[in-house]
Peer 1: 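I have a structure I would like to understand better, so I am pasting it below and will then ask my questions one at a time.
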Amino acid sequence: MNIQGENKSRNIVLGLTPLWLVIGIFMIGPLLIMAGVSVMEPNVYGGVYFKFDLSGYRQILFDTNLFDEMEFNPAYVIIILRSFVLAVSATIISLIIGFPAAYFISRQPDNVKNILIFLVTIPFWTNLLVRTFAWIIILGKGGVIESSFSFFGLLNEDDSLNLMYTNFAILIGLVYSYLPLMVLPIFSSLEKLDVRLLEAASDLYSSRMEIIRRVIIPLTLPGIIGGSILVFVPCLGAFIAPDLLGGGKKLLLGSLIQFQFSTARNWPFGAAVAMFLLSLVVIVLVINARINSKHEDLQKHV
Amino acid sequence: MFRKNKFRHVWDFPGFSGWTAIFFGFLYVPIFVLVCYSFNSSSYAMIWTGFSFRWYEKLFFNDDILQAAYNSLIIAITAAPMATAIATISALVIVRGGGFRGKEFSSGLITLPLMVPEIVTAVATLIFFATLGINLGLINVIIAHTVFCIPFAYMPIKAALEAMDPNLELAARDLYSDKNSAFRYITLPLLTPGILSGFMLAFVISVDDFIITLMVAGGGSTTLPVYIYSMVKMGVTPEVNAVSSLLLAFSIIFVTGYWFLNKKSS
Amino acid sequence: MKQSIKNAIEVQNVTKVYGVGENSVTALKDANLTINDNEFFTLLGPSGCGKTTLLRLIAGFEDITKGDLKLFGKEIVNLPPNKRPINTVFQHYALFPHLNVFENVAFGLRRLGKNRSEIEQKTNYVLKLVQMEEFSKRRPNQLSGGQQQRVALARALAPEPKVLLLDEPLSALDLKLRQAMRIELKTLQRETGITFVFVTHDQEEALTMSDRIAVISEGEIQQIGEPNSIYENPANQFVANFIGEANLLKGICKKIGKNGLCKLNSGHEISLEIPSLIKVNDPITIFIRPERIKINKSSSSKIKSFISQFTYLGNAAHLEVESNNQKINITLPIDKVKNFKNADEVTLEFPKNHARVINQ
Amino acid sequence: MNKILKFFSFCVAITLISSSSFAAGKLNLYNWSDYTPDELVKKFEAETGIQVIIDTYDSNETLLAKLQAAGGSTGYDLAVPSQHFVEIMIKEGLLEKVSGIKDMPNYKYVAKQFQNPSFDPMQEYSTPYQMGSAGFAFRADSYSGDGSSMMEFFKPNDEVCGKLAVFKSPEEVVNMAHLALGSNFCSEDPNEMQAVLDLMLEQKKCVKVYSSEGINDRLKSGEVIMHAHWDGYSQVGKWEYMDDLTYAYPKEGVVGWFDSLVMPKGAKNVKEAKAFMNFLMDPENMAILSNNAAYANAIPESQKYLSDKMKNATNIQVPEGVPVVFGQACNEKAQSLIDKVWTRVMQ
């Protein structure tokens, strides 16, 4: 809407300056400084010496042992794998729980649909810490699950199911934290789905399962991928769930990073792991963008 | 004498309704349990001994919690308007600026805080302030909050702007408004619900934020979530449930307000 | 000198190019146009032809790439829209959703800084003019399409502009309402004496309402003229085809001059005026309206013609006649419809003053 | 636009006013969790009108990390590190010199042997808070052992395995392992440290959770029956609801510590902080602290004000022949070995 006689480009620059400044200084700036710290030498008591040193990155794979010998250290690889496995599992479980729900919601009349989708969003806007904390009450020793088990005589008073402080507890926490993020994008692509396509598929002799597999899933793929990324990425860097529900024993990438900036006081290593996590996320986002653009092409040809 | 209706539309899948009920149960039962247990009169969270408001009463005499809540409020009340202001101006330029160089870059920049994992933002901000020696107490936290609230404020404002007929502004110009009065009498009033909902989201996000605040906050800047975290670490007491329930209630009220606002404007 | 004052708008060599370099699109090319005061002037053309661009240039919503724009003899190219005594009725009305009907209509008056009583009086006057006075407290979303249209009209009329621009204002209405509004608009224009510049892609609208029409295609003005002259004497094949239905028949010139003769590929011969630019035996195209061709039932014609398609339209019938593999369209008046049916053999007659040689 | 601007400046104004109004009498205390009795704070606030705001941490290392990260100003006015961390923090320049500690009216109450301590020889940085030991405690009702050996903690039997919790801080746990193994604190010998690591890794198989907070709650719920613990805090647990909670005094000894009040670099409320330091050296006030947290202190005269139950507190009475070995500030080499051991255990 360009209106003649107005200094357009000056206004654009003026209008975007606060954004550039704030994000540039306080978002990109910190990331750059972190990248810098990741290649410096750690101070045992915290902080860094301003000396170039790649040990932060090297440490992810190789570390000196107590005898100062360089050796392959599988520990962080295990943490990375654990983060991966947990994040992938959480994503798949969220998809399995979320997809039918998203589908069901999308087929409701408008007023019901709006309320249901609002109910899905509420937990997302409430405090993550508090929501995770709720699971301690449910999973913990003598918590809701154990007390209802013993109420029905399935569990002796003194026994425990040992649900807390396990990978299982972390997984539940992760799924619970990010489930709404799976449902919302799937819902919006399901909403755009033309039900006549389902009728056509049915008309052409597809069973319900085949309709789901051959029509619904391919057509809502962008939503499914979008939702999966929204769940996968924060799971990878999760801190609260492993900290509260994992008992600090099962580190994930997120809690590993936090650990380096608290008790362990190894800034360069923590920064290096953070850079590693960041690059993983960038890779995931780039792959997503690729898939999306392909899918857009597909839509155009239809 | 009705025939039992066995017809099922092709778009109805058996079992999905039950599954959805389970889904909502999964979402809400933990919250429900949390709130219920906050009324537990026992001093130990997991053992129910009776109904009581004592933990809520206790909250009101806990100076540290009140101070933390006050901090949270001060931070949100400062960071959210700043984020909203930046988001509003940026949205106006990005949506209404036509095709200009750097448009893609700017809209990417605005969503950056959403893309970067929170823990990375948290430690990066920590290192940033530590390295540059910037120690302004609450202001450090406010700056960090402003940054990551921007995209949340931006989303509804951008949506409102995109939904607005650009001809309205032209109509105003046509009817003898100069640029400023067209903005003042048309764009701004029409954008207000969007700005308000952007502000509310930013506010909620700021009040709820934990990880970044945990890393950035120093003495006297503890916010409610950080305080709750230290309480949880100390042990699961009904007092934690009570303060958590209040925080939940606060967010839910705000988000519901946002929802109604959005519904009204659309 | 008097002449120049009567020119409400002069468009002189106006060109509008969107974008730069390879991606640039020329929306309007060297347009020249003069709109008289008190005139109902229509810009007619298919969508994307540049007619709306021209309207927006006049309103001041876009800047002109090249050329001049004058309002009552005064240069207005560098004036922003709020400095031009021109108002617009937008295609989808662009009523301010947060203001009620009264405030919408009063908006322009308020910006002009009129005093309270004047605003009230003028607003009420135009609301009465469009018969919307009892709706003044309503919000736009509480109005029907037709009512919104009236409010948009009132809003644009209230500041008493010298020129009113209307951007397909009737396109969102249903057929019945549209037809009623045509008459109202025309009446309104006559009563207020304001110059109307009306943009439409609907040729029927243009023909019924306009004093003059400019037909635009692909950014160029094809023809300017009164409705009947455009209908009867289209300047080129585009205009002929765009306005009404036309037969464009190919043939060969046999004789030039006032009493020229052309032999059509269908075998028919037409006598008509053929300009001397054309030489004998040149291929030419003849334009003739379907309702001008006379048709008789006969099986004895030299030229074998038959009805290949008969379409009943209620108040008339549309025939497609085939002779020598050439198709000719004919509109049959209501009283003759009963006489014909599919596959009837017929003879055709081409009255002399209704056929024209036409340019590409 | 104007309204937004007004609203914004209103907000800024509120922030500034509120922060400055509090600054008049505010004290930001950064202390271990569960270590600052309400009674004490209330008394201080009533006497001085200074508002005390408390944040908590779970280990000396966390405190050190926070001070390091703040790069010279944490916003805290007082913190409570243990003796060897005071030394490190002084060396790293993280502490503010507090002028005139010796001239504080209540300084005279500090026992002679605790004046000018080795970690702060000129008494320029610290005043005493509390002292005690770190070891482990168990629920005697559920455990057949008697806690006479540190190995009961590191190589738990079947009763304890899976119901064991350990501090989430390296120095105390590593030192306990040194005691169990008979090696010295701050060892620079890789072989000794390897033995420590092996011991801790073996222990980890039985560990349910690593945490230094909410210890008594965890013991009370029965989630664990043995927990790394402090003598006084375990006594508090015993008083409150667990008669059978026993703090072990193994023959190898317990890890001694001496916590002090220090002023982190860049502290803003110096006057208030000094008031608190002086306040806490008053025998009556120190007694309140000891009565609540159940630790010993460096103010002999406070004995007069100790409650009866404090005098009968079994968990804090060190039996004859059990050594109390104080943690030391390790040099960089030893420190990095400790961090390495801890990091490997936490992996």
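Chain identifiers are assigned alphabetically (A, B, ...) following the order of the sequence lines, protein sequences preceding nucleic acid strands; residue numbering begins at 1 within each chain. Every heavy atom of this structure was used, including side-chain atoms; hydrogens, water molecules and symmetry mates were not. All values reported here derive from a predicted model rather than from experimental measurement.
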Peer 1: Pick whichever of B:V204, B:V123, B:I211 has the most heavy-atom pairs under 4.5 Å with chain A.
Peer 2: B:V123
Peer 1: Could you look at A:L129 and say if it's the side chain, the backbone, both or neither that has a heavy atom under 4.5 Å from chain B?
Peer 2: side chain
Peer 1: Need one label for B:S245: side chain, backbone, both or neither, based on atoms under 4.5 Å from any heavy atom in chain A.
Peer 2: neither
Peer 1: Under 4.5 Å from any heavy atom of chain A, what part of B:I31 do you find: side chain, backbone, both or neither?
Peer 2: both
Peer 1: For chain B, which candidate among A:W20, A:W267, A:F99 shows the most heavy-atom pairs at distances under 4.5 Å?
Peer 2: A:W20
Peer 1: Top residue by heavy-atom pair count (under 4.5 Å) with chain A, among B:I94, B:I86, B:V35?
Peer 2: B:I86
Peer 1: With only heavy atoms counted, which part of B:L224 is less than 4.5 Å from chain A, the side chain, the backbone, both or neither?
Peer 2: neither
Peer 1: I need the residue from A:F239, A:F133, A:F261, A:F26 with the largest number of non-hydrogen atom pairs under 4.5 Å to chain B.
Peer 2: A:F133
Peer 1: So which part of A:V37 gets closer than 4.5 Å to some heavy atom of chain B, the side chain, the backbone, both or neither?
Peer 2: side chain
Peer 1: Pick one of side chain, backbone, both or neither for B:V240, based on which atoms fall under 4.5 Å of a heavy atom in chain A.
Peer 2: both
Peer 1: Is the shortest distance from a Lys or Arg side-chain nitrogen in B:D208 or A:R131 to a carboxylate oxygen in the other one below 4.0 Å?
Peer 2: no
Peer 1: How about B:I143 and B:F129: do any of their side-chain heavy atoms sit closer than 4.5 Å?
Peer 2: yes
Peer 1: Side chain, backbone, both or neither: which part of A:V282 has a non-hydrogen atom closer than 4.5 Å to chain B?
Peer 2: neither
Peer 1: Does any heavy atom of chain A fall under 4.5 Å from the side chain of B:F250, the backbone, both, or neither of them?
Peer 2: neither
Peer 1: Which answer fits A:L116, side chain, backbone, both or neither, if we ask what part of it has an atom under 4.5 Å from a heavy atom of chain B?
Peer 2: both
Peer 1: Given a strict heavy-atom distance threshold of 4.5 Å, which part of B:L247 is in contact with chain A: side chain, backbone, both, or neither?
Peer 2: side chain
Peer 1: With a 4.5 angstrom heavy-atom cut-off, which part of B:I22 approaches chain A: side chain, backbone, both or neither?
Peer 2: neither
Peer 1: Between A:E191 and A:K113, is there a salt bridge with N-O shorter than 4.0 Å?
Peer 2: yes
Peer 1: Give the member of B:V120, B:D209, B:I150, B:I205 that has the highest number of heavy-atom pairs under 4.5 Å with chain A.
Peer 2: B:V120
Peer 1: Under the criterion ring-ring contact (aromatic ring centres under 6.0 Å, His included), which of B:F260, B:W259, B:F203 is the partner of B:F254?
Peer 2: B:F203
Peer 1: Non-hydrogen atoms of chain B under 4.5 Å away: do they reach the side chain of A:L31, the backbone, both or neither?
Peer 2: both
Peer 1: Need one label for B:Y258: side chain, backbone, both or neither, based on atoms under 4.5 Å from any heavy atom in chain A.
Peer 2: neither
Peer 1: Heavy-atom distances under 4.5 Å only: say whether A:W125 touches chain B with side chain, backbone, both or neither.
Peer 2: both
Peer 1: Could you tell me which portion of B:V33 (side chain, backbone, both or neither) has an atom closer than 4.5 angstrom to a non-hydrogen atom of chain A?
Peer 2: side chain
Peer 1: Contact part of A:I117 toward chain B, heavy-atom cut-off under 4.5 Å: side chain, backbone, both or neither?
Peer 2: neither
Peer 1: Going through the checks in order, is the side-chain contact (heavy atoms from CB on, under 4.5 Å) test met by A:L193 and A:L198?
Peer 2: CA-CA 9 Å; A:L193 183 72; A:L198 310 192; 4.2 Å; yes
Peer 1: Please classify the contact of A:L244 with chain B as side chain, backbone, both or neither, using a heavy-atom distance under 4.5 Å.
Peer 2: side chain
